[in-house]
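What follows is a set of notes on a single structure, which appears directly below.
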Amino acid sequence: MATCIGMVARVGGVTFNALKPVTCEYARRSSNQISLNRFAHGIRSSLYDHVREGYSDKPDLDMRLVCEETDKVVANVENRKGGLRGVDVREIVSVWQQLQDVRNSISELEQQKKTVSEDVRLLVVSMAPPSHSRQKGREIRGRLNLLYPKESELEAEHYSRALRLPNTTHPDVVRRHAHFNFKPKGHLELGEHLGLIRQRHLAHVSGHRSYYLRGTGARLQTALQNFALDTLQRRGFAPMVVPDMLKGAVFEGCGMQPNAHRSQVYSLDPLHFPDLNLAGTGEVGLAGFFMDHAVNWADLPVRSVCSSTCYRAETDTGRETWGLYRVHQFNKVEMFGVTADETGEESSKLLEEFLSLQKEMFSSLELHYRVLDMPTQELGLPAHRKYDIEAWMPGRNSYGEISSGSNCTDYQSRRLNILYERQDGSLQYAHTVNATACAVPRTIIAILETHQTKEGTVRVPTALQPYLGLEVIEKPTSVPLRYIGPNQPSRPPRPVPKTR
């Protein structure tokens with residue numbers, strides 16, 4: 001038996017037991033019997049490794065739907081992005097059915113073994129002569145010893161395949177907001193002119209896709225984070241500080257593949273930091289907080305928010321190579337919710353609530369934006385439904401994504417063992433919802449490009465003025481740095497050695 005540690009949270013000055021520890025019971029047979037040789041797609045499952053090492057319960061995947069409505073699942077997979085195809089779904093069903101056949105055989109044999117053991121015990125007590133029961137018992141044990149490794153092997157293959165299945169898909173479509181027509185400068189040109197952004201001459205300092213925010217630019221980042229956090233805390237969100245480094249099992253439980261080819265996830269040196277990865281979103285850390293715990297009924301839905309540094313590999317190096325739109329490191333404020341699943345509508349309502357808050361914040365920042373109800377081809381593995389919010393960025397002459405929100409239903413909770421306790425004391429898998437409140441660099445792009453003036457200054461949105469202490473961002477009166485490095489046509493002479 002393994003028991004997780006309970007936690008207590010304080011919100012609005014009231015202390016309550018937010019999470020109840022979930023007692024996890026592990027398999028009756030040693031995990032070292034499990035073979036990983038049959039992982040057909042070549043990607044190990046960090047989440048299943050996590051289970052085998054005794055850290056958590058096995059993911060409870062809804063295989064009834066996959067087996068009974070295979071054609072619908074195949075159609076869903078074919079319409080979604082990702083490497084999984086219809087033939088993979090049918091192979092998943094085949095492996096699951098083989099596993100169930102083996103488990104049924106084991107269950108029958110274990111029941112026979114129990115009956116035979118009782119017969120043998122009675123023989124011993126009565127001092128009766130030996131019977132065929134002992135021989136039958138040996139035969140049953142021999143068959144079980146063959147089936148146990150087979151079960152372990154099939155279970156490992158099942159999870160290595162089935163954990164790649166995406167969530168179901170919500171049927172609704174797209175909604176948009178008005179287009180903003182303006183032809184201004186781009187944010188990088190504006191940011192350099194106003195002394196807010198530095199991205200040039202950094203390849204030898206911090207590599208490509210890196211940047212500095214300085215002066216009012218640095219204050220703008222802090223202002224946006226505080227604006228988003230204050231807005232959400234007024235609506236009952238509990239603020240959290242989350243780890244930036246997390247185990248691969250948590251990523252996989254959230255629907256991300258840190259070990260996949262061309263993964264967006266940075267993995268640390270396994271010799272020094274085994275199975276630790278840098279989070280690309282606060283969602284992973286927030287989900288990890290609830291892993292292997294049950295939420296009290298009275299506290300549902302739980303709304304959490306964090307401001308964290310996010311790290312993304314951005315392997316598609318040919319896109320958006322300059323500017324803040326696609327960078328390796330950035331700050332983001334993330335919303336995360338845990339709901340009940342009694343009517344099936346609780347998480348849908350929470351996603352709409354999160355979307356309403358996003359629209360409220362972006363309207364307060366006076367941005368021109370549209371809301372997209374994403375089609376199946378744009379849904380990642382965990383999303384049942386996903387909204388993207390795109391702001392008009394005049395310098396790019398296009399809309400650009402600044403936020404998203406997803407209803408993951410029970411996809412993450414079944415993998416990460418996130419439950420809630422009903423009023424009668426029974427446990428049920430929760431639903432999870434996540435949404436971006438403020439991705440700082442892209443919000444800065446939208447603000448600079450939308451609110452710039454003909455004079456080259458930028459008007460600060462009214463809602464942000466108390467946080468920034470400015471109404472207008474103007475060019476600084478002095479230039480603090482002048483580049484003197486080697487990459488320039490006319491380099492100034494180097495200092496003359498001092499004479500002593």
Side-chain angles (χ1 to χ4, degrees), residues 184-227 244 266 278 307-314 317-333 365 393-396 400 402 438-461 464-500:
K185 299 174 182 176
H187 72 280
L188 187 57
E189 183 180 356
L190 277 167
E192 290 177 337
H193 172 72
L194 296 173
L196 310 177
I197 303 169
R198 177 185 161 193
Q199 199 173 38
R200 301 183 189 278
H201 310 303
L202 293 181
H204 66 299
V205 176
S206 49
H208 296 290
R209 297 185 185 275
S210 61
Y211 61 97
Y212 281 84
L213 297 178
R214 65 172 304 276
T216 304
R219 291 168 56 198
L220 183 57
Q221 170 167 294
T222 303
L224 285 168
Q225 291 175 160
N226 289 338
F227 164 72
D244 292 334
Y266 281 116
L278 294 176
S307 178
S308 65
T309 303
C310 305
Y311 305 87
R312 296 190 184 176
E314 295 296 353
T317 55
R319 300 173 60 194
E320 306 283 352
T321 54
W322 283 96
L324 304 185
Y325 192 80
R326 203 175 296 280
V327 291
H328 290 308
Q329 177 180 331
F330 60 95
N331 282 33
K332 182 160 72 86
V333 179
L365 296 175
M393 298 177 180
R396 301 174 77 240
I402 59 171
C438 180
V440 171
R442 293 190 180 184
T443 307
I444 288 177
I445 293 174
I447 288 174
L448 295 183
E449 295 188 2
T450 299
H451 299 304
Q452 66 175 292
T453 68
K454 291 181 180 180
E455 294 73 28
T457 61
V458 173
R459 181 181 61 83
V460 179
L464 208 57
Q465 290 177 11
Y467 295 92
L468 194 59
L470 294 172
E471 295 182 2
V472 177
I473 300 175
E474 298 179 309
K475 183 178 180 179
T477 55
S478 62
V479 180
L481 293 176
R482 176 190 173 197
Y483 181 65
I484 56 158
N487 299 320
Q488 54 182 322
S490 56
R491 187 181 182 188
R494 305 302 297 160
V496 178
K498 291 184 179 180
T499 56
R500 301 291 181 183

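A pairwise comparison of heavy atoms in Q329 and Y211 identifies O-OH, 3.1 Å as the closest pair. Summarising the geometry of G456 relative to L194, their closest heavy-atom pair is O-CD2, 3.4 Å, with the distance given to 0.1 Å. Taking all atoms of both residues into account, the shortest heavy-atom contact from G323 to H187 is CA-NE2, 3.4 Å. Minimum interatomic distance between N331 and Q225 (heavy atoms only, all atoms of both residues): ND2-OE1, 2.8 Å. L448 and L196 make their closest contact through CD2-CD1, 3.8 Å (heavy atoms, listed as atom of the first residue, atom of the second, distance).
Seen from the ring of Y325, R442 counts as a face-on cation partner, given the 6.0 Å and 45° thresholds. Judged by a 6.0 Å distance limit and a 45° cone about the ring axis, R200 is positioned over the six-membered ring of W322.
A parallel orientation is assigned to the rings of H201 and Y483, their planes being inclined by less than 30° (bins at 30° and 60°).
Going from atom CG of L468 over to atom CD1 of I473 covers 5.5 Å, rounded to the nearest 0.5 Å. E474 CD to E455 CD: the interatomic distance, rounded to the nearest 0.5 Å, is 10.0 Å.
A salt bridge does not link E449 to K185: none of the charged nitrogens lies less than 4.0 Å from a carboxylate oxygen.
Remark: side-chain polar atoms of H193 are not paired, donor with acceptor, to backbone N or O of K475 under 3.5 angstrom. Side chain of Q452 to backbone of L190: no donor-acceptor contact under 3.5 angstrom is found.
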